[in-house]
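Accompanying notes for the structure given below.
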There are 2 protein chains.
Amino acid sequence: MERLTRVRIADIAHKAGVSAGTVDRVIHNRGEVSPRTRQKVEAIIREMHYEPDLLASTLASKKTYRFASLLPKSDHESLFWLQPAQGIEKAFKRIKHYGVAYQPYYFDYHNNNSFFDACNKLLEVPPDGLIMAPLFADLAAHFTDRAVELGTAVVFINTHINHSSQRAYVGQDAFRSGKVAAQLLDLCTCCEGELGIINIINQKGSSGHLMSREEGFLDFFAQKKSSHKKISTINVQARPAVSIHKELSENLLGMDGEIKFKGLFVTNSRVYQVADFLENTNKGPLRVVGYDLLDRSLAHLQKGNIDFLISQNPVAQGYHSFMALFDILVRKKTIEKRQYLPIDIVTRENIDYYLKHQNND
Amino acid sequence: MERLTRVRIADIAHKAGVSAGTVDRVIHNRGEVSPRTRQKVEAIIREMHYEPDLLASTLASKKTYRFASLLPKSDHESLFWLQPAQGIEKAFKRIKHYGVAYQPYYFDYHNNNSFFDACNKLLEVPPDGLIMAPLFADLAAHFTDRAVELGTAVVFINTHINHSSQRAYVGQDAFRSGKVAAQLLDLCTCCEGELGIINIINQKGSSGHLMSREEGFLDFFAQKKSSHKKISTINVQARPAVSIHKELSENLLGMDGEIKFKGLFVTNSRVYQVADFLENTNKGPLRVVGYDLLDRSLAHLQKGNIDFLISQNPVAQGYHSFMALFDILVRKKTIEKRQYLPIDIVTRENIDYYLKHQNND
DNA sequence: TTTTTATCCGTGTGCGCACACGAAATTAGA
DNA sequence: TCTAATTTCGTGTGCGCACACGGATAAAAA
């Protein structure tokens, strides 16, 4: 069957009584057009609802868009950051025909110097678009400004910081995710009882994330008028498993050696460490909610030591970040500044589909 | 920055000592090539890892791919089918530059004759690809076969039927979604108590869907060794609200006029009708799980008459169905025959993001 | 007016590919 | 051996657009 006929530059040129070259100059603001003809052409473009053919356009153009990412290296300790990278890769494959090149940069998320170095290296040849995980808020803000001055479009991923020069944030609403966790624990602990919030804090990294989650959690119960639930917060320093166990047993166990909580909310992906601890402990009906689909947590989900994991949709974060840059730079669309992804509730029974779905598309 | 250089047909032609036209004939199996040169060219194509430039290819080709969909008309009673249509529209916008045309067809899902008629009309000019909601299993199977004979690639959406000539099924694993519902009710009803499964059945339509969900629900408790939960099934004919209320009160209320269940699982989107009924009833701590994000159900989710809604991801279903056809026909990729989408658990607290996410992309 | 300069605009080429047409090479027929 | 019928192949054109180049026209200077 024949192709549907679109409006072409030639059509506009003809109708306006000018040449294609002139129309082209109008479209691209390349100047060298008299105000009179410019207006005439612009009017006809609107009138005929002209939209450029992105295919022909990229084919004819030799331009290459340079995209870059700046993410934490994912080490043995946390494979989380592998997933946004996968999503980015997926998006990259989809649109690389459109003349986009991609270069990833990594830093050590325990070490702000490595973030600093990576930024500097990256900005030696400023890319057109940059996906940044702004873990060290001050540094990130500084470099974002510098990048923007150099003409780079910056998108934040996963972690939100208050800043204005970035073009978008793609990630989860941390506060809201805390409310979700609260609701789950509320629904699942029918009798009265104490709930615990466990923050496992990494001294170097930013913990604003965790705070928002905790606040959301508390807010849920504050909103709810009739709540008999007592809630206490436990802060623990992140370190190897063994030493955490000691701290946990001090905080979680009652005099009788039994867990004194009905529900626990672990505010990050370290929830598997809590589950490790719980496994060998005398616990009653205890519900545990945590974050992220790390292998070690999944094993506990399977065994029932963890009931719910809140997924941050890391793959989708990567995918959408990349697409956001594509929309801005190539498709010249305006995009939403805050792109919140769904707060997926994952249990043993629906886990398969979240895992599988990370590879598709 | 300059474009990255890909391998072009001209490169292959040069290396093989033939002309571009010959290479073209090899690539498209258009014959008129001697076996000797054919093999030589094929070898070089592999050797150089040639991949056609989809952009240039569609630009040069005048071919139009005709896609069609056959979905239920969404009436005032159920807006569900609006959403797959939205997803399809979204995908269509994304890829229409590649020379795809799209024509939707609709039928009345109370009426198998209208399905029959729509199929016949559709097949007068068989499309290249078809997305079908196979609600009437026998008819659907028959027409799928006919369409496939006429060279149409068929993809099933939302409802799965046992058949082989379709190219893929995009939708939810109904059985598994029942297990998810079961787990939710199990976690949320700590004390012993009775659970109810409510099937609100539409006489004409296929109910295989609902059965799988019920089976999954039951299977969960069968798998679980130590379950004190009693489970009973209640079948109700779908009809206007008032007459349903009568049936429900007969089945759900005990002698004392109180709900005798701790949890209810409504196996389809009619859950709002149950919630309507519950609203004016003396209920204890009752958990309700149902399907789909219809407005009327959402209102109840908000008010707490429904606790969980399982989303079928209808928008994504539409989107992925269309993309499946695109992959098959345009990109010539092989795709997975069963494309299960995540079983999203939706509560009052995370609903926003599922609703919003339906419009983006 | 003529020349110079600046402003405005049309034409041509190529991006990588699909496809038509006709030329060359090969084979069959006489 | 020469011609006719195939088979095999090369060349040319255009898809819609970006961009370079140079020509035309108008404005400024002589």
Side-chain angles (χ1 to χ4, degrees), chain A residues 1-42 44-45 48-65 96-100 330-332, chain B residues 1-42 44-45 48-65 96-100 330-332:
Chain A
M1 186 177 173
E2 288 312 295
R3 191 72 160 287
L4 12 124
T5 52
R6 326 172 81 242
V7 179
R8 298 159 302 163
I9 283 186
D11 299 323
I12 296 183
H14 181 252
K15 188 154 188 180
V18 297
S19 77
T22 303
V23 177
D24 179 72
R25 254 159 275 160
V26 171
I27 292 175
H28 294 88
N29 287 315
R30 268 203 229 100
E32 310 199 346
V33 177
S34 74
R36 231 171 61 83
T37 45
R38 155 178 294 270
Q39 284 167 17
K40 189 166 164 191
V41 170
E42 280 172 345
I44 294 184
I45 285 178
M48 300 183 73
H49 301 108
Y50 169 76
E51 303 184 48
D53 182 333
L54 197 53
L55 269 63
S57 172
T58 52
L59 182 63
S61 166
K62 292 190 182 342
K63 195 188 307 161
T64 295
Y65 296 92
K96 68 175 169 202
H97 324 106
Y98 290 93
V100 301
V330 183
R331 300 176 63 193
K332 325 268 188 217
Chain B
M1 189 180 173
E2 289 309 297
R3 191 72 161 286
L4 12 125
T5 52
R6 325 171 82 243
V7 180
R8 297 158 303 162
I9 283 187
D11 300 324
I12 298 186
H14 180 254
K15 189 153 187 181
V18 296
S19 76
T22 302
V23 177
D24 179 72
R25 255 159 275 160
V26 171
I27 291 174
H28 294 87
N29 286 315
R30 267 203 227 101
E32 310 199 347
V33 178
S34 74
R36 229 170 60 83
T37 45
R38 156 178 295 271
Q39 285 169 15
K40 188 167 164 191
V41 170
E42 281 173 343
I44 294 183
I45 285 178
M48 298 182 75
H49 301 108
Y50 170 75
E51 303 184 47
D53 182 333
L54 196 52
L55 269 63
S57 172
T58 53
L59 182 63
S61 167
K62 291 186 181 348
K63 196 188 307 162
T64 294
Y65 295 92
K96 68 176 170 201
H97 325 104
Y98 290 93
V100 300
V330 184
R331 301 176 63 192
K332 325 264 187 223

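Each chain gets a letter, A, B and so on, in the order the sequences are listed, and its residues count up from 1.
We find that CD1 of B:Ile9 is positioned 5 Å from P of C:dC17, with the value rounded to whole Å. Residue B:Arg38 contributes atom CZ, which lies 14 Å from atom C1' of D:dC9 at whole-angstrom precision. If you take CG of B:Leu59 and P of D:dC17, they are 9 Å apart, rounded to a whole angstrom. Going from atom CG of A:Leu54 over to atom P of D:dC15 covers 19 Å, rounded to whole Å. When rounded to the nearest whole Å, the span between CZ of B:Arg36 and C1' of D:dT8 equals 12 Å. Distance A:Leu55 CG to D:dG14 P: 21 Å, rounded to the nearest Å. Between A:Tyr50 atom OH and D:dA18 atom C1' there is a gap of 10 Å when expressed in whole angstrom units. The distance from atom CD1 of B:Ile27 to atom C1' of C:dA18 is 10 Å, rounded to the nearest whole Å.
The listed nucleotides are D:dC17, D:dC9, C:dG16; the one nearest the side chain of A:Ser57 is D:dC17. Nearest nucleotide to the A:Val33 side chain, out of D:dG16, C:dC9, C:dC17: C:dC9. When each of D:dT8, C:dG16, D:dT11 is scored by its nearest atom to the side-chain atoms of B:Ser19, the top-ranked nucleotide is D:dT11.
The heavy-atom pair separating B:Ala13 from B:Ala20 by the smallest distance is CB-N, 3.6 Å. Minimum heavy-atom separation, B:Tyr65 to B:Lys332: OH-NZ, 3.7 Å.
Side-chain atoms of B:His49 and B:Val7, non-hydrogen and from C-beta on, never get closer than 4.5 Å to each other. Side-chain contact between A:Ile12 and A:Ile27 is absent, with no heavy atoms from C-beta onward closer than 4.5 Å. Side-chain contact check for A:Arg25 versus A:Val41: every heavy-atom pair is 4.5 Å or farther apart.
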Readout for nucleotides 19-28 of chain C: B = base within 4.0 Å of protein heavy atom, S = sugar-phosphate only, - = neither; 5' to 3' it is B---------
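The distance from atom OG1 of B:Thr22 to atom CZ of B:Arg38, rounded to the nearest 0.5 Å, is 11.0 Å. Rounding to the nearest 0.5 Å places CD1 of A:Ile45 at 12.0 Å from CD of A:Glu51. Considering OH of B:Tyr98 and OG of B:Ser61, their distance stands at 13.5 Å, rounded to 0.5 Å.
In DNA chain C, consecutive stretches of 3 or more Watson-Crick or G-U wobble pairs with both distances under 3.5 Å are given as paired ranges: C:4-7 with D:24-27, C:9-30 with D:1-22.
Under 4.0 angstrom from either OP1 or OP2 of D:dC9 there lies at least one side-chain N or O belonging to B:Ser34.
In this structure, A:Arg8 and B:Thr37 both approach DNA chain D, and ranking their closest nucleotides by distance from the 5' end singles out B:Thr37.
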Going through the distances and angles, do B:Leu59 and A:Asp53 end up as a side chain to side chain contact (heavy atoms under 4.5 Å, CB included)?
CA-CA 9 Å; B:Leu59 182 63; A:Asp53 182 333; 4.3 Å; yes
